[in-house]
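Heads up, the thing below is written out as structure tokens.
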Amino acid sequence: MSITYFRRLHYSRLPLRCLHTANSEPTSTSTSTPNLFSDPLFKSKVSELISNQHWSQLKDLIKPFNPTSFLEQLLDSRFDSSSILGFFRWSQFYQVYHHPLEHLCRVLVLLVNDKKYPKVRSLLHDFVKNGKTYTVSSVFHTLLTCSDNVCANSIIVDMLVLSYVNNGKLDLALEAFRRAGDYGFKLSVFSCKPMLKGVVKEGKFEVGELVYKEMIRRRIEVDLYTFNIVINGLCKAGKLNKARDVMEDMKVRGIMPNEVTYNTLIDGYCKRGGDGKMYKADALLREMMEQGVSPNERTYNTLIDGFCKDDNVGAAIKLFKEMQLQGMRPDIVTFNSLIDGLFGDGKVDEALGLRAEMIRLGLEPNIRTYNVMINGFSKLKMFREAKELFDDVMKQGLDLNVLTFNTVIDAHSKAGKMEEAVALRELMLSKLICPTISTYNCLLGGYYRDGNVGAAKELLEEMEKKSVMTDLVTYNIRIDAMCKRGESRKAVRLLDEMSEKRLVPSHVTYNILMAGYCQDGNPKAAVTIRKRMEKEGKQPNIVTYNVLIKGFCQKDKLEEANALLNEMLEKGLVPNRITYDIIREEMIDKGFVPDIDGHLYKDTVNC
DNA sequence: TTAGGGTTAG
């Protein structure tokens with residue numbers, strides 16, 4: 001029996017409306033279309049051609065038909081789901097044909113009913129990646145018109161959310177998550193977990209928190225990994241108390257925190273824990289041990305790095321020894337953190353000793369090690385050593401990156417060697433390493449330090465021309481330079497320019513401006529900046545107090561300076577070396593007497 | 001499936 005036979009046989013039976021060309025605009029056909037498969041021979045031939053993937057023969061056979069009508073007939077005639085999927089895919093990919101959403105939903109329902117989940121996932125993936133973009137509500141609505149099976153529909157929607165996430169369409173995933181309940185679809189942890197992960201990765205912590213709350217409200221199972229993602233999001237948002245609450249919640253729900261949970265929280269405290277953060281982070285280490293959760297290398301690395309950045313290398317070294325006593329081997333991350341901390345503490349010999357120690361243990365210094373060391377030398381004004389190390393790294397043929405160049409450019413600009421700094425930028429360009437805004441900021445700071453306002457202006461113009469986006473640091477550098485030139489009032493006007501560029505001034509910005517006014521001999525104007533800062537929701541920090549106290553001291557307004565010192569102590573801010581070395585000493589010289597709590601009193605007898 | 005280290009501004 002030839003194909004021509006089938007064509008002749010059925011061509012005559014077809015209603016005119018089905019005789020479209022294959023690539024005509026798809027339309028959903030009505031149920032009044034005659035059944036093409038009433039002839040068992042035709043049905044069996046089609047079935048055979050599809051299952052054997054004889055697509056050219058099938059194409060020949062159904063040439064006169066609209067593929068959408070043909071698909072609808074296949075669906076109505078209860079063909080097996082594999083055949084229907086086979087035809088669906090073939091017609092879509094080889095005939096560039098977009099079937100109506102309704103047909104896709106019907107195919108999906110069929111596949112779910114047959115428990116062919118990988119095929120559902122694959123079809124949805126293609127639909128999301130390559131298909132026409134439908135609104136979430138149109139997909140949900142169409143699905144409901146095709147099937148009233150809540151379970152099957154929920155599986156499809158769950159997999160749809162996952163496809164949105166996997167194809168970078170997080171907004172659509174979130175909308176689907178939000179609207180699923182309205183349509184009676186129940187999502188699972190399989191889609192919510194990757195969605196949460198994506199949300200946290202994009203820094204949308206508030207959204208992540210809402211998703212978590214909604215998961216709990218909708219009684220969607222939350223597993224250990226999902227709790228860890230939620231805790232990570234809260235930690236990154238600085239909501240450490242809430243992160244701890246979630247850890248308690250998980251225990252109540254019978255899920256015990258693991259080392260990842262604790263490591264995430266410890267990292268949160270190290271980076272955003274505020275006053276006494278390292279005490280709290282260390283307490284968490286002890287707590288996890290008491291709870292029978294063993295710390296690992298990452299736990300110690302996180303704490304060691306935290307202590308180093310908190311100017312407490314002593315505590316970091318103690319943990320370094322503790323981890324080794326417990327049988328853990330420090331790795332490259334441990335050493336890099338410690339070397340950075342030791343340089344920051346001015347302990348160059350110990351830092352170099354650690355580098356030797358890591359090499360002895362078979363750990364090769366990596367580019368981060370070198371960046372830390374170049375930066376360390378530079379901060380200690382050991383510019384010759386910084387340059388020698390950089391040259392050494394170049395000779396070794398290690399992969400230098402943009403941070404290496406930024407570090408070494410900054411070292412040169414701080415040493416007042418602007419010609420070399422500019423030459424280094426040329427060198428990085430020749431190595432196809434693209435300068436970042438930090439590269440420009442390092443150069444800009446160098447020019448201003450040199451008093452070369454003209455070169456700084458030219459660089460700013462170049463940045464504008466090249467559409468380099470200026471950032472908060474660029475403005476802080478510009479504001480600082482203006483203040484140092486005695487143009488504090490002009491510098492304040494840059495705050496408006498920042499606002500136009502949607503840049504939010506930081507503590508550093510305000511502190512620079514306050515220091516500018518104090519340097520101008522106008523601490524009262526500095527206080528107005530403080531008020532502006534507080535209005536923006538930023539409380540004065542230790543630097544703010546140091547700047548203001550110094551400003552009042554220099555004007556011999558010691559009562560005001562003392563009031564600020566007391567205010568700082570009452571707020572629980574711990575005076576730092578600058579407070580003691582420069583300010584308090586100056587006040588004591590001028591007749592103030594310190595007491596055991598750090599407060600100062602006017603010595604009326606000796607004054 | 002989840003967690004750690006390097007640059008620029010006070």
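A, B, ... follow the sequence lines: proteins, then strands. Residue 1 opens every chain.
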Q. What nucleotide among B/dG6, B/dT1, B/dA9 has an atom nearest to a side-chain atom of A/K193?
A. B/dT1
Q) At under 4.0 Å, does any side-chain N or O of A/N375 touch on OP1 or OP2 of B/dT8? A) yes
**Q.** Which nucleotide in B/dA9, B/dG6, B/dT1 has an atom nearest any side-chain atom of A/S506
**A.** B/dA9
Q | Sidechain-backbone polar pair: A/N167 side chain, A/K169 backbone, donor-acceptor under 3.5 Å | A | no
**Q.** Test: A/R286 and A/E290 ion pair at under 4.0 Å
**A.** no
Q) Nearest-Å distance, OH (A/Y545) to C1' (B/dG10)? A) 16 Å
Q. Taking the six-membered ring for Trp, are A/F343 and A/F377 ring centroids under 6.0 Å apart?
A. yes
**Q.** Integer-rounded Å distance: B/dT8 C1' and A/M469 CE
**A.** 17 Å
Q.
Whole angstroms only, please: what is the NZ-P distance between A/K484 and B/dA9?
A. 10 Å
Q) Rounded to the nearest Å, what distance is computed from the CG atom of residue A/D480 to the P atom of nucleotide B/dG10? A) 5 Å
Q.
Rounded to whole Å, please give me the gap between CG in A/D305 and C1' in B/dA3.
A. 13 Å
(Q) Side chain of A/V372, heavy atoms from C-beta onward: which of B/dT8, B/dG10, B/dG6 has the nearest atom to it? (A) B/dG6
Q) A/T544 pairs by side-chain contact (heavy atoms from CB on, under 4.5 Å) with which of A/N541, A/N546, A/I542? A) A/N541
Q | OP1 or OP2 of B/dA9 under 4.0 Å from side-chain N/O of A/K414 | A | yes
Q.
Does B/dA3 have OP1 or OP2 under 4.0 Å away from a side-chain N or O of A/N228?
A. no
Q. A/N401 side chain: which of B/dA9, B/dA3, B/dG6 is closest?
A. B/dG6
Q.
Donor-acceptor pair, distance only, cut-off 3.5 Å: does the side chain of A/D158 make one with the backbone of A/S188?
A. yes
**Q.** Distance in angstrom units between A/R368 CZ and B/dG6 C1', rounded
**A.** 6 Å
Q) Which whole-number value in Å describes the distance from A/N441 CG to B/dT7 P? A) 14 Å
Q: Could you please name the option among B/dG6, B/dG10, B/dT8 that lies closest to any side-chain atom of A/N371?
A: B/dG6
Q. Taking NZ from A/K201 and C1' from B/dA3, how many angstroms apart are they, rounded to a whole number?
A. 15 Å
